[in-house]
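All heavy atoms count here, side chains included; hydrogens, waters and symmetry mates do not.
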Amino acid sequence: VWNYCGQRKALIISRLQKDKFMRLCAAIEFCATRNIPFEIAGMPENSSTTKRLKRRYTLRPDVVAPGAINTKEFLKKNAEDTLFVAGVGQVLLEAGAAGFPCLLASDKGAEYSTFLTRHNVRENYGRNLTLAHPVERHTNVRVSDIEFGQLDDYDISDAIRENFSFSKRLEEYLNYINSSVSRLRPQWQVLPACLDSVSYIFTENTSISCLCVRCAEIMRFYKNAPIS
């Protein structure tokens, strides 16, 4: 979807809620210190977090795109205007798969945020594209700005298809559930029984974060179930 054609604007995509506040601040400050114009897309646009951001940074009223968005369609529509996408997790999976340069926003601040590249996407970050290392190691993160002469390095679409596909994540989570439950109930043979009983809740439209939550629910069910 994305090709560089002189774009200057950044697109920050995130839920506009309290738990995302510091990462939103990091993305805004990253752009502001580099004089990069930006737009924020997310819901709810009139939340207390949105109001805090507008007060802290004196944001223009139109800097927050109104209404809910379909990330894939929104990115496709704005590809000719967007230099890079900032966020975490599912947002960067979708943006990276479409070829957009992706800024991973850190809750430790703009100075710890960095662009994902073919060289660091596998080594430095967790499976859901959030910072995977403990707080005390944040100072060891190599912070990098975008290098316009090496834009191919920011195309992480192949890495995402190889390492972050839905089917691969589903397989890993279900294998984890199976191994964990087997330790709790050695006489159970949970897989493929687990797959047969819960496969209906997984679809191609299920997000990675939603997948984590649903697998956790299954884990709790089996952990608390009586031994027959």
Side-chain angles (χ1 to χ4, degrees), residues 1-15 19-20 22-34 36-42 69 71-72 74-76 78-135 137-169 172 207-209 211-212:
V1 173
W2 187 88
N3 286 293
Y4 181 63
C5 55
Q7 301 97 316
R8 292 191 62 250
K9 184 178 70 174
L11 185 57
I12 302 170
I13 304 178
S14 175
R15 285 185 293 105
D19 62 314
K20 301 292 186 181
M22 294 308 298
R23 289 168 181 168
L24 285 162
C25 289
I28 290 171
E29 290 170 14
F30 189 96
C31 294
T33 56
R34 292 161 177 79
I36 299 173
F38 61 88
E39 182 179 13
I40 302 172
I69 66 165
T71 303
K72 291 181 181 178
F74 194 81
L75 289 173
K76 185 176 180 179
N78 289 275
E80 293 184 357
D81 300 320
T82 302
L83 175 60
F84 64 84
V85 175
V88 296
Q90 184 72 16
V91 166
L92 298 190
L93 284 172
E94 294 179 341
F100 284 81
C102 294
L103 175 70
L104 181 65
S106 170
D107 55 7
K108 298 300 292 181
E111 64 271 28
Y112 297 110
S113 300
T114 190
F115 281 94
L116 296 174
T117 71
R118 295 173 178 178
H119 310 295
N120 70 16
V121 65
R122 295 179 184 88
E123 297 174 3
N124 295 333
Y125 302 100
R127 287 296 186 181
N128 201 22
L129 294 186
T130 55
L131 289 170
H133 32 69
V135 173
R137 292 182 59 200
H138 271 278
T139 54
N140 296 328
V141 179
R142 184 178 66 86
V143 180
S144 59
D145 288 339
I146 193 167
E147 298 288 344
F148 289 99
Q150 302 176 17
L151 284 177
D152 286 348
D153 283 347
Y154 301 96
D155 183 356
I156 57 174
S157 55
D158 287 342
I160 288 177
R161 281 189 287 270
E162 180 182 346
N163 295 286
F164 299 91
S165 68
F166 179 90
S167 58
K168 191 165 186 176
R169 296 285 71 73
E172 287 187 2
S207 71
I208 300 297
S209 55
L211 177 60
C212 297

What is the distance from atom CG of Leu103 to atom CG of Leu11, rounded to the nearest 0.5 Å? 11.5 Å

Contact between Val85 and Trp2 at the side-chain level, heavy atoms closer than 4.5 Å - yes or no? no

Closest non-hydrogen atom pair between Gly109 and Ala26, with its separation: C-CB, 3.6 Å

When rounded to the nearest 0.5 Å, the distance separating CD1 of Ile13 from CD of Glu94 is 8.0 Å

Between Thr33 (side chain only) and Phe30 (backbone N and O only), is there a donor and an acceptor less than 3.5 Å apart? yes

Lys9 atom NZ: more than 12 heavy-atom contacts under 6.0 Å: yes

CZ/Arg161 to CG/Leu93 distance, rounded to the nearest 0.5 angstrom? 12.5 Å

So which atom in Asn78 and which in Thr82 form the shortest heavy-atom distance, rounded to 0.1 Å? O-OG1, 2.8 Å

Does some side-chain heavy atom of Asp107 sit less than 4.5 Å from a side-chain heavy atom of Tyr112? no

Do Leu151 and Ile146 have side chains that approach each other closer than 4.5 Å (heavy atoms only, starting at C-beta)? yes

How many angstroms lie between atom CZ of Phe84 and atom CD of Gln7, to the nearest 0.5 angstrom? 12.0 Å

Step by step, work out the side-chain contact (heavy atoms from CB on, under 4.5 Å) result for Phe100 and Leu92. CA-CA 9 Å; Phe100 284 81; Leu92 298 190; over 6 Å; no

Which value, rounded to the nearest 0.5 Å, describes the distance between Asn3 atom CG and Asp155 atom CG? 9.0 Å

Hey, is the main chain of Ala98 close enough, under 3.5 Å, to the side chain of Ser157 for a donor-acceptor pair? no

Does the Arg15 side chain pair with the main chain of Gly42, one donor and one acceptor, at a distance under 3.5 Å? no

Between Ala97 and Ile160 the two heavy atoms that sit nearest each other are N-CD1, 3.5 Å

How long is the span from the CG atom in Leu24 to the CD atom in Glu29, to the nearest 0.5 Å? 11.0 Å

Ala86 backbone acceptor or donor facing Arg23 side chain under 3.5 Å: no

Going by heavy atoms in the side chains, are Ile36 and Arg8 under 4.5 Å from each other? no

Starting from the C-alpha separation in whole Å, work towards a yes-or-no answer on side-chain contact (heavy atoms from CB on, under 4.5 Å) for Lys20 and Val88. CA-CA 10 Å; Lys20 301 292 186 181; Val88 296; 3.8 Å; yes

So, do Lys72 and Val1 sit near enough that their side-chain heavy atoms are less than 4.5 Å apart? no

Between Asp145 and Arg34, is any pair of side-chain heavy atoms under 4.5 Å apart? yes

